[in-house]
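Counting starts at 1 for both ligands and their atoms, following the listed order.
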Amino acid sequence: MSRDHVAINRAVWDADAVNWTKAGRRLWASRAPVWGNWGRSETELKLLPTDMSGKDAVELGCGTGYVAAWMARRGATVTAIDVSSNQLAVARDLAKEHRIDIRFLEANAEHTGLPDASFDFAISEYGAAIWCPPEIWLREAWRLLRPGGKLVFLGNHPISLICSPLNGAPCDTLLHRPYAGMWGADWTEVEIDPSGVCFNLTVSGWIDLFGQIGFSIDSYQEIFAPDQAGGTRGSVPAEWAKIYPAEQIWHLEKPLQADA
Ligand SMILES: C[S@@+](CC[C@H](N)C(=O)[O-])C[C@H]1O[C@@H](n2cnc3c(N)ncnc32)[C@H](O)[C@@H]1O
């Protein structure tokens, strides 16, 4: 990918921020975390430690900042990073409304400029997890974590990408793209619903990369739509997502004995 994906994605999100305010407001108001396009419950998926008191947490690509809010409510001291000033403006307003103290930073999650080993927990839900090249942002997350620190991220499942037509239409049951050599997709010039540049890897590609960086895998979850779901979310029809995994969640650890 030789185009400037960071500038492209920043422009996409600055322009689109207005369309995410309502969802952001609803999710800030939700005391119980819900995850991904299908709103799966935290009780079921367990992305966050129940008690985050005394923990330093960072969200990489925070959007409207509701995940940051959920972590702060669990007692964490939270830094939330986003490259889009318009998304951050909404996040800051919501934090003020809810009287929650979060440090918001306008920065590229691939190179945050924050000190080494400054966090116990890092998370990304559809932020750096899909908008940044994995070999770059995962190394940054590794650098930011203390030994023993956890990284959890949620994004599109690679199967949903190979089943996505080249014109940007919702995914279907044909294989439209090669699996081998997967890097992601450039959605900027597609006919239907153009957006930015997204990144993904094959499952073995993710696992190899975690190993090269030094992360160990605590668990891996493949997320389906619930039985009662309908419609299409994030270009994935509910009926498709009931029988194929639309989303994936990786739970990783920077081992205690790791060099910083
Ligand atoms: C879909 S939102 C993620 C937030 C929220 N969890 C959600 O699902 O709505 C994607 C966010 O990633 C941010 N983003 C994209 N590229 C980024 C980068 N290189 N560094 C930091 N944030 C980035 C965008 O600005 C946007 O706010």
Side-chain angles (χ1 to χ4, degrees), residues 1 3-30 33-40 42 45 47-48 57-72 78-95 102-114 122-141 143-144 151-157 160 184-188 193 195-200 223 233-236 246-250:
M1 178 68 213
R3 301 177 68 198
D4 183 350
H5 65 275
V6 178
I8 291 169
N9 293 340
R10 180 192 298 117
V12 163
W13 279 101
D14 274 341
D16 209 22
V18 66
N19 300 314
W20 291 79
T21 309
K22 196 169 155 203
R25 186 169 289 286
R26 174 175 52 80
L27 290 161
W28 266 83
S30 168
V34 288
W35 300 103
N37 285 330
W38 308 102
R40 307 298 313 221
E42 169 67 9
L45 298 178
L47 275 75
L48 299 179
V58 63
E59 184 178 3
L60 298 167
C62 65
T64 53
Y66 53 84
V67 175
W70 294 334
M71 295 194 290
V78 183
T79 299
I81 291 167
D82 204 283
V83 78
S84 157
S85 56
N86 290 354
Q87 285 279 83
L88 283 174
V90 176
R92 287 192 176 105
D93 283 350
L94 286 165
I102 292 166
R103 174 169 65 148
F104 289 106
L105 291 181
E106 185 176 331
N108 175 4
E110 297 162 22
H111 306 287
T112 60
L114 293 168
I123 191 162
S124 176
E125 185 210 31
Y126 281 115
I130 68 161
W131 299 100
C132 299
E135 59 280 7
I136 300 178
W137 83 268
L138 284 173
R139 287 184 196 283
E140 178 67 355
R143 189 185 70 74
L144 292 175
L151 168 65
V152 176
F153 68 93
L154 182 158
N156 308 103
H157 196 290
S160 70
D186 182 341
W187 302 103
T188 54
D193 210 6
S195 70
V197 180
C198 289
F199 297 85
N200 210 331
I223 310 305
R233 294 192 187 174
S235 291
V236 181
E247 298 174 312
Q248 61 178 358
I249 307 174
W250 292 99

### Task
With rounding to the nearest 0.5 Å, note down the distance linking OG1 in Thr64 to CZ in Arg25.
10.0 Å

#### Entry: Nearest-contact summary for atom 11 (C) of ligand 1 - protein heavy atom, Å
Asp82 OD2, 3.6 Å

### Query
Quick one: does Ala17 get within less than 4.0 Å of ligand 1, heavy atoms only?
no

### Task
Quick one: look up the protein heavy atom nearest atom 19 (N) of ligand 1 and list residue, atom name and how far away it is.
Asn108 OD1, 2.9 Å

### Message
Would you compute the distance between atom CH2 of Trp28 and atom CG of Leu94 and round it to the nearest 0.5 angstrom?
### Response
6.0 Å

#### Entry: Sub-4.0 Å atoms of ligand 1 with respect to non-hydrogen atoms of Ser84
25 (O)

### Message
To the closest 0.5 Å, what do you measure between CG (Leu144) and CD1 (Ile81)?
### Response
6.5 Å

### Query
Is there a donor-acceptor contact under 3.5 Å from the side chain of Asn200 to the main chain of Asn156?
yes

### Flag, side chain of Arg143 to backbone of Leu114, donor-acceptor distance under 3.5 Å
yes

### Query
Which ligand 1 atoms, with their elements, are less than 4.0 angstrom from a heavy-atom of Gly63?
4 (C), 27 (O)

### Query
Of all the atoms in ligand 1, which lie at a distance below 4.0 Å from a heavy atom belonging to Cys62?
4 (C)

### Task
Find out whether Trp70 and Glu42 are in side-chain contact, i.e. whether some heavy atom of one side chain is under 4.5 Å from a heavy atom of the other.
no

### Query
So is Tyr66 close enough to ligand 1, meaning a heavy atom under 4.0 angstrom away?
yes

### Query
Can you check whether Trp13 has an N/O within less than 3.5 Å of an N/O in ligand 1?
no

### Query
What atoms of ligand 1 come within less than 4.0 Å of a heavy atom belonging to Gly127?
12 (O)

### Query
Counting distance only, does the side-chain N/O of Glu140 pair as donor-acceptor with the main-chain N or O of Thr112 below 3.5 Å?
yes

### Task
Report, in ascending order of atom number, the atoms of ligand 1 lying under 4.0 Å from any heavy atom of Ala107.
20 (N), 21 (C)

### Query
Under 3.5 Å, is there a donor-acceptor pair between the Thr188 and Asp186 side chains?
yes

### Task
Mark up the atoms of ligand 1 that fall under 4.0 Å of a heavy atom belonging to Cys132, in ascending order.
18 (C), 19 (N)

### Query
Just how far is it from atom CZ of Phe153 to atom CD1 of Ile123, taken to the nearest 0.5 Å?
11.5 Å

### Summary
min-distance protein heavy atom vs atom 6 (N) of ligand 1 -> Glu125 OE1, 2.7 Å

### Task
Run the numbers for me: atoms of ligand 1, each under 4.0 Å from some heavy atom of Gln87, listed by number.
26 (C), 27 (O)

### Summary
re atom 14 (N) of ligand 1, the protein heavy-atom contact at minimum distance is Val83 CG1, 3.8 Å

### Shortest protein heavy-atom distance from atom 20 (N) of ligand 1, along with the residue and atom involved
Ala109 N, 2.9 Å

### Query
So, Trp13 versus Asn9: side-chain donor-acceptor pair below 3.5 Å or not?
no

### Which residue and heavy atom of the protein sit nearest atom 16 (N) of ligand 1, plus the separation
Trp131 CB, 3.4 Å

### Query
To the nearest 0.1 Å, how far is atom 10 (C) of ligand 1 from its closest protein heavy atom, and which atom is that?
Tyr126 O, 3.2 Å

### Summary
Tested for side chain to side chain donor-acceptor pair (under 3.5 Å) against Tyr66, the lone hit among Glu125, Glu59, Arg26 is Glu125

